[in-house]
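Read the structure below first, then the notes.
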Amino acid sequence: MGRHLPDKVVHRIRIRIKASKAVLAIAEAVKVGKKAIYKMRLNLDIWGEPYAPPTVVLRRRELYYPTKKW
């Protein structure tokens, strides 16, 4: 999912997932791809949110470990 879906669409998907509707039925009703529904359902199971939290990336490890030689 490159972009986030509008909040109204996400809400409609969450309601249908909570009601244990089939993925194909949700995709047809909301007009989104099946892959988006599968990913959203997985994220809801893991994170409790429709989208995973942003990942923190440490860029320059020398700043965090100044005494260690890389």
Side-chain angles (χ1 to χ4, degrees):
M1 283 193 249
R3 297 183 206 157
H4 290 254
L5 295 170
D7 289 338
K8 289 182 179 181
V9 174
V10 172
H11 180 69
R12 290 171 58 195
I13 293 171
R14 288 180 86 160
I15 289 172
R16 286 172 169 80
I17 288 174
K18 199 173 206 178
S20 300
K21 300 285 184 180
V23 172
L24 187 59
I26 297 171
E28 289 175 355
V30 185
K31 305 288 191 258
V32 296
K34 291 185 295 185
K35 188 174 180 181
I37 304 297
Y38 281 117
K39 283 187 175 184
M40 194 170 291
R41 189 170 69 177
L42 180 65
N43 284 331
L44 285 168
D45 288 343
I46 295 172
W47 306 105
E49 295 293 324
Y51 298 103
T55 306
V56 177
V57 178
L58 299 177
R59 298 280 177 193
R60 294 177 49 190
R61 56 186 172 196
E62 296 85 18
L63 295 175
Y64 302 101
Y65 306 103
T67 58
K68 189 170 183 175
K69 299 293 181 193
W70 301 101

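Below, all heavy atoms of this structure are taken into account, side chains as well, without hydrogens, waters or symmetry copies.
Remark: the backbone N or O of Ala29 is paired with a side-chain donor or acceptor of Arg12 at under 3.5 angstrom. In this structure a side-chain-to-backbone donor-acceptor pair under 3.5 Å is missing from Tyr38 to Gly33.
Taking hydrophobic clusters as Ile, Leu, Val, Met, Phe, Trp and Tyr residues chained together by side-chain heavy-atom distances below 4.5 Å, Ile26 shares a cluster with Tyr51.
Minimum interatomic distance between Leu44 and Pro50 (heavy atoms only, all atoms of both residues): CD2-N, 3.7 Å. Closest heavy-atom contact between Gly48 and Arg14: O-NH2, 3.7 Å.
Applying the 4.5 Å side-chain rule to ILVMFWY residues, one finds that Leu24 remains a lone member of its cluster. Alongside Ile15, the hydrophobic cluster contains no other residue (criterion: ILVMFWY side chains under 4.5 Å).
Counting non-hydrogen atoms of other residues, nucleotides and ligands closer than 6.0 Å to CG of Asp45 gives a total above 12.
With sequence neighbours excluded, the residues forming a side-chain contact (heavy atoms from CB on, under 4.5 Å) with Ala52 are Asn43, Trp47, listed by chain and number.
In this structure, the separation between CZ on Arg41 and NZ on Lys18 is 16.0 Å, given to the nearest 0.5 Å.
At a threshold of 4.5 Å between non-hydrogen side-chain atoms, the residues Met40 and Leu5 count as touching.
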